[in-house]
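The structure appears right after this line, and notes come after that.
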Amino acid sequence: MFSAADHAFMAEALRLAEQGLYTTDPNPHVGCVLVKDGNIIGRGFHRRAGEAHAEVNALKQAGDDARGATVYVTLEPCAHFGRTGPCADALVKANVTRVIAAMADPNPRVAGKGFEKLQAAGVETAVGLLATETRALNPGFVSRMTRGRPWVRSKLAVSLDGRTALASGTSKWISGEAAREDAQRWRARSSAILTGIGTLLADDPALTVRLPGEWRQPKRVVVDAQLRTPPDARLLKQAGETLIATLVDDAGRQAALAAAGAGIMVLPAADGHVDLTALMRQLAASECNEVLVEAGAVLNGALLKAGLLDELILYMAPQILGDTARGMFSLPALDRLQERIELQLTDVRRVGSDLRILAVPQPRRS
């Protein structure tokens with residue numbers, strides 16, 4: 001159905017889409033190229049929410065040459081009015097003849113309507129070219145639109161024997177400088193950084209992106225069932241939004257934290273703890289696509305047990321901390337080997353002196 005040239009042009013659209021990796025949130029990362037007579041006449045990508053979409057930027061570069069062109073775009077052109085006008089209308093107006101999209105838009109406001117507009121105007125459409133690669137570039141947006149919750153990653157720095165800290169809690173620094181810089185980029189692409197009250201009280205983290213230049217700061221979210229967050233916590237003094245997920249519905253106890261700049265989310269309980277599934281639904285409702293967990297074994301274990309961890313980022317340092325050091329996940333003991341949680345390794349590479357492993361938890365065996 002698709003030629004080698006089609007693949008090459010869509011690959012270029014994907015490379016363009018990647019340029020918006022850190023800036024488009026909560027919108028998806030989208031790239032577009034216009035091709036005529038075998039040559040690219042326009043390139044564009046979505047830079048940030050509220051600004052022109054990829055198709056519009058590519059059309060602007062192509063100008064009048066867009067008439068009769070084929071459009072390669074990584075996501076179905078939108079058909080609704082949001083902060084910008086419908087891209088499907090702009091393509092029809094430009095008199096393009098064919099639109100090839102990597103994947104249909106999972107957003108129910110679009111969901112095929114863009115293709116319908118194009119087809120009604122006589123524009124040929126096709127979909128499915130490099131769809132897997134496009135979904136991999138936008139896991140959070142796809143998750144939010146199809147599952148009603150963000151894509152959740154947990155970042156863990158561990159020793160070779162799987163330990164995250166000494167028994168005393170000391171963990172600075174297990175991973176090397178290159179790994180810590182790499183982790184900052186995972187922060188930068190995330191909509192929110194999630195931690196637990198134990199980590200906050202022990203480490204008083206800022207949970208900000210610390211890279212050269214100006215960066216969008218993700219939301220900071222603290223799971224704090226009993227509302228023990230100190231009003232002078234470092235993360236409350238940073239730019240951007242801090243949210244506290246709690247069970248305490250007490251205006252008096254919330255007042256000091258609200259005065260310090262925290263937003264309070266009172267959520268239902270699950271076994272005496274904050275209902276993490278409800279928290280993820282709430283974060284999705286606030287347009288969080290990707291959530292990065294930076295927490296200890298208790299919260300990581302609870303998320304894994306609840307089936308809410310979609311991906312693990314493990315920075316494995318060439319060192320051994322011993323069996324009294326702290327582990328990665330607090331989980332119940334297993335009675336049978338069949339109860340184990342298996343992982344699919346999706347990427348393994350060296351980052352400085354450390355090994356970085358990306359892994360996806362698999363469904364438990366029955």
Side-chain angles (χ1 to χ4, degrees), residues 1-36 38-49 51-62 66 69-78 84 87-88 90-91 94 96-107 110-112 114-115 118 123-146 150-151 153 182 185-186 188-191 216 289-290 310-311 313 346-347 349 358 360:
M1 177 180 179
F2 298 113
S3 68
D6 290 332
H7 279 81
F9 291 132
M10 188 62 80
E12 174 64 13
L14 264 171
R15 283 191 288 270
L16 289 166
E18 290 172 354
Q19 294 185 47
L21 187 63
Y22 303 106
T23 58
T24 68
D25 200 74
N27 290 354
H29 318 303
V30 182
C32 177
V33 297
L34 270 64
V35 176
K36 195 171 184 179
N39 297 310
I40 295 178
I41 60 172
R43 290 178 170 87
F45 68 95
H46 183 44
R47 296 177 182 275
R48 55 181 53 85
E51 295 187 4
H53 289 186
E55 300 94 319
V56 172
N57 287 327
L59 286 169
K60 183 178 180 181
Q61 188 177 102
T70 295
V71 179
Y72 296 85
V73 62
T74 58
L75 192 67
E76 174 186 359
C78 62
T84 60
C87 291
L91 293 170
V96 302
T97 58
R98 188 181 185 209
V99 173
I100 300 175
M103 62 177 284
D105 194 330
N107 185 345
V110 182
F115 293 136
L118 293 166
V123 178
E124 181 185 350
T125 64
V127 66
L129 178 58
L130 300 187
T132 299
E133 291 82 355
T134 298
R135 291 178 70 91
L137 184 62
N138 290 287
F141 181 77
V142 173
S143 177
R144 179 162 66 89
M145 292 299 166
T146 60
W151 182 266
R153 296 184 179 95
D182 187 71
R185 297 192 176 277
W186 289 103
R189 66 175 287 174
S190 300
S191 307
R216 174 189 58 84
N289 289 335
E290 299 181 12
D310 298 304
E311 189 174 10
I313 308 168
T346 58
D347 186 80
R349 68 181 66 184
L358 304 187
V360 175

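The one candidate from Val73, Leu75, Asn138 that meets the side chain to side chain contact (heavy atoms under 4.5 Å, CB included) condition with Met103 is Leu75.
Side-chain contact between Glu311 and Pro139: absent, with no pair of heavy atoms (C-beta onward) separated by less than 4.5 Å. When side chains are defined from C-beta on, Gln61 counts as touching Arg43, because their heavy atoms get closer than 4.5 Å.
Here OG1 of Thr146 is found 10.0 Å from CZ of Phe141. Values are rounded to the nearest 0.5 Å. To the nearest 0.5 angstrom, Arg216 atom CZ is 10.5 Å from Arg189 atom CZ. For the atom pair CZ of Phe2 and CG of Leu130, the computed distance is 9.0 Å after rounding to the nearest 0.5 Å. Met1 contributes atom CE, which lies 8.5 Å from atom CG of Leu129 (distance to the nearest 0.5 angstrom). For the atom pair Cys32 SG and Leu59 CG, the distance stands at 6.5 Å (nearest 0.5 Å). Distance CD/Glu51 to CG/Asn27: 10.5 Å, rounded to 0.5 Å.
Distance alone, capped at 3.5 Å, is enough to place a donor-acceptor pair between the Arg144 side chain and the Pro26 backbone. The closest donor-acceptor contact from the side chain of His29 to the backbone of Gly20 lies under 3.5 Å. The backbone N or O of Ala104 lies less than 3.5 Å from no partner atom in the side chain of Glu76, so there is not a single donor-acceptor pair. Not a single donor-acceptor pair under 3.5 Å links the side chain of Thr70 to the backbone N or O of Arg98. In this structure, the side chain of Thr74 engages the main chain of Gly31 through a donor-acceptor pair within 3.5 Å. Checked by atom type and distance alone, the side chain of Asn57 pairs as donor or acceptor with a backbone atom of Phe45 at under 3.5 Å.
Residue Arg47 places its CZ atom among 12 or fewer non-hydrogen atoms of other residues, nucleotides or ligands, all under 6.0 Å distant. Atom CZ of Arg135 has 12 or fewer heavy atoms from other residues, nucleotides or ligands within 6.0 Å.
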Practice task
Step by step, work out the side chain to side chain contact (heavy atoms under 4.5 Å, CB included) result for Val123 and Leu91.
Solution key: CA-CA 9 Å; Val123 178; Leu91 293 170; over 6 Å; no

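For the residue pair Arg153 and Trp186, the shortest heavy atom distance occurs at NE-CZ3, 3.3 Å. Closest approach of Ala62 and Leu34 over heavy atoms only: CB-CD2, 3.8 Å. Minimum interatomic distance between Thr134 and Ala102 (heavy atoms only, all atoms of both residues): OG1-CB, 3.2 Å. In terms of heavy-atom proximity, Ala88 sits nearest to Pro77 at N-CB, 4.0 Å. Residues Ile41 and Val35 share a closest heavy-atom pair of CG1-N, 4.4 Å. Here the shortest heavy-atom pairing between Asp310 and Pro150 reads OD2-O, 3.6 Å.
Taking 4.0 Å as the cut-off between side-chain N and carboxylate O, Arg15 and Glu12 count as a salt-bridged pair.
With sequence neighbours excluded, the residues that form a ring-ring contact (aromatic ring centres under 6.0 Å, His included) with His46 are His53.
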